[in-house]
*Asks:* 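There's a structure below that I have some questions on.
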Amino acid sequence: MKLGRLLLASLLLPTLAGCAVQKTEASEVYVKPGDHDQFYAFFSGGHAGQVFVYGLPSGRMLNIIPVFSNYPKTGYGFDEASKKMMGPYTWGDIHHPSLSKTNGDYDGRWLFVNDMPHARIARIDLDTFTTGAIFGPIPNISGLHAGPFVTNNTHYAFGASRFAVPMDGKYHPLDSYAQTFDGCIACMNIDQKGNLSMAYEIHMPPMDFDLASSGKGPSDGWEFFTAYNTELAHTDLEVAASQHQQDFITAVNWHAALQAVKDGNYTLVNGVKMIDPAKTPGIVYFLPTSKSPHGVDVSPDGKYICASGKLDPIVVVHSTARMLKAIADKDFDGSWRGIPVLKYADTNVAEVPVGLGPLHTQFDDKGYAYTSLFVDSAITKWQLGTWKVIDKIPVNYNIGHLAVVGGDTVHPVGHYMLALNKMTKERFLDTGPDYPTNAQLIDISGDKMRELTEWPTLGEPHYATILDAKLVHPLKYYNLADNHADGAIHSQSEAGVTRHGNQVDVRIAAIRSHFKPDNIEVKQGDHLTIHVTNIEQDTNIAHGFAIDGSNVDIEIAPGETKTVVWDADKPGVVPFYCSNFCSALHQEMQGYIAVQPR
Ligand code: K7E
Ligand code: CUA
């Protein structure tokens, strides 16, 4: 019976070609209304300070996660807890989302992102899709561009300084750059709860670290960094930092670094254990690589370290095995600033002629690599091992990063690839002089790359990372019984106002469709600490709490408590209301604070 049906279906198929069953680019990205996407794509938002979550393959935007910037929609940056987490800054510049891993594959626990200008790393919890912690500013690091890159079991995160500065924090003339400025590589511990702490740092010459990649398999235990400006220029960098025909990949043996810390081979610099690699050999090596490299990417099997020199039309591939042999043989080409320099001919196994302006490389599960070309506005597909260029596809326009599903893991999935393009023109309806960036989705399952769709993106995405939705199990709501937040209540009967002098503590219950209490009497000069608990235990019932004429606006998920402060500085009557649509009588969800004159 079943067989008969199958036969019938296969006979019918050719006649249906051209109708709905024909596989087209549109049908491949079409997700029927009500159906779900297969993947989450987490886009860094650049200096929007946010992470944007899209579904793939549809390209539909699912959510915005505020990280370093205020976001009134969720009240992030408005309640006391998130304000404290954000510290004195209301913006950040996110370039590199890095998913937590177990044995080199994504595990769906956390997403870490960097804030370059404040040298911070944030952890986004993937059970709630909210920012759970912000770590930093990291001491001795200025411009955390090369970060955060987590190791295969999420025990460590690495970052490095893009802008060298004097570590002593003192004034030094800019023309003493080469002598008095410092570069730095930082290693942070990540504990079982995803919290970061400083492990150690490595004092480096003042070159500009750019990107990093964690070793895998035979290169596990190593972290590889690119850096430009081995010229040690401090002015006119576009010319001055492009003089050398080769720059370096910095290879860090982090097992050796941990041992050095154990052995006490460090000094404390601004509270951090600082290793001097010139005095403690065996930790840092330089691999000469192509001119002004940007991305460095380790292949899924860990055998190859691929560097993209922006100013060379090649990807330079180094062999892990040959690097390890040269190190074991102490076969060095001298040293630079006390750090051994390996011989290019020893470690280099290929120069792949990918095209102009190579930036970043991703990998698939069939032994192919994909390199983004900023100048060519294209992606080149090439083969690991044979080093043959297989295919090239144009993108619109200047591409920065590209992202394959699981592209930085040990098991990438050769299905979808994102091109994250920068300077898009004429692709979408004009909305004024600020153009959107452009994401293009490319099918890489066949020999030839095929563009499927594109859509405008928010902020300025750099890297994006793509996670199988099966690995994430988001909370439906917070369990009220487990809510032990400051000022939390568990029923309407616990709501109320308490006073200690002019410190007034208000505990408000929010439940469809009222606040309790909704009439609050205070005196001029009172300082109010208002805890709002959404005591509902149901899905998709968030309440808002906003005070007229103020900067108070929060959203409280079911089972959650948020705290705001408000000063009753002049007599009068001030309304508050629920700012998030929650029910038929949402509009009625409002109240007053009456302020009596002193
Ligand atoms: Cu290439 Cu900041 Cu990773 Cu932008 S970075 S593209
Ligand atoms: Cu509660 Cu609207």
Side-chain angles (χ1 to χ4, degrees), residues 43-48 73 75 92-98 113-117 143-149 159-163 208-213 225-228 292-297 307-310 357-362 371-375 377 379 395 397-403 407-408 418-424 437-439 457 459-465 508-516 518 532-536 538 540-546 553-558 560 562 576-591:
F43 283 53
S44 60
H47 51 104
K73 166 64 180 74
D93 192 350
I94 302 177
H95 288 232
H96 303 118
S98 185
V113 296
N114 68 323
D115 166 20
M116 180 170 62
L144 187 86
H145 186 266
F149 294 93
S161 57
R162 171 178 168 189
F163 311 118
D208 297 42
F209 288 93
D210 210 2
L211 275 149
S213 187
F225 296 83
T226 50
Y228 53 96
S292 300
H294 186 54
V296 56
D297 299 280
S308 303
K310 298 182 297 260
L359 291 189
H360 300 283
T361 298
Q362 293 267 285
T371 300
S372 58
L373 304 169
F374 180 82
V375 178
S377 289
I379 296 171
V395 292
Y397 291 95
N398 309 97
I399 181 173
H401 276 273
L402 72 181
D408 59 347
L418 275 170
L420 299 147
N421 311 322
K422 304 283 194 189
M423 292 168 182
T424 293
T437 48
N438 182 15
T457 47
E460 199 211 346
H462 293 265
Y463 188 44
T465 181
I508 296 180
I511 184 165
R512 274 164 291 174
S513 299
H514 62 270
F515 293 111
K516 190 180 177 204
D518 64 352
V532 187
T533 303
N534 179 344
I535 61 170
E536 310 235 16
D538 200 352
N540 199 16
I541 299 293
H543 294 289
F545 178 81
D553 169 45
I554 53 174
E555 185 180 283
I556 314 103
E560 191 182 29
K562 278 184 181 163
F576 61 86
Y577 73 104
C578 173
S579 51
N580 194 63
F581 189 92
C582 55
S583 61
L585 297 176
H586 152 77
Q587 200 73 355
E588 278 79 355
M589 197 166 169
Q590 63 186 52

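The structure displayed is predicted, hence computed values, not measured ones. Each ligand, and each atom within it, is numbered from 1 in the order the structure gives. The first residue in the sequence is number 1, and the count goes up from there.
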*Asks:* Parallel under 30°, tilted from 30 to 60°, perpendicular over 60°: which one fits the rings of F545 and F515?
*Replies:* perpendicular
*Asks:* Is any protein N, O or S atom closer than 2.8 Å to atom 2 (Cu) of ligand 1, and if so, which?
*Replies:* H95 ND1, H145 NE2
*Asks:* Looking at E536 and R512, would you say the former's side chain and the latter's main chain have a donor-acceptor pair under 3.5 Å?
*Replies:* yes
*Asks:* Report yes if the side chains of F43 and L418 come closer than 4.5 Å at any heavy-atom pair, otherwise no.
*Replies:* yes
*Asks:* State whether the side chain of D115 and the backbone N or O of D93 hold a donor-acceptor pair below 3.5 Å, judged by distance alone.
*Replies:* yes
*Asks:* Are any side-chain N or O atoms of S372 and backbone N or O atoms of H360, one a donor and one an acceptor, separated by less than 3.5 Å?
*Replies:* yes
*Asks:* Step by step, would you call H543 with H586 a ring pair (Phe, Tyr, Trp, His ring centres under 6.0 Å)?
*Replies:* CA-CA 9 Å; H543 294 289; H586 152 77; 8.6 Å; no
*Asks:* Which of the atoms in ligand 1, numbered in the order shown and given with their element, are less than 4.0 Å from a heavy-atom of H294?
*Replies:* 1 (Cu), 5 (S)
*Asks:* Any idea which atoms of ligand 1 are less than 4.0 Å away from a heavy-atom of H360?
*Replies:* 1 (Cu), 3 (Cu), 6 (S)
*Asks:* Give the atom numbers and elements of ligand 1 that come within less than 4.0 Å of a heavy atom of K422.
*Replies:* 4 (Cu), 6 (S)
*Asks:* Could you tell me if the ring centre of H401 sits under 6.0 Å from that of H95?
*Replies:* no
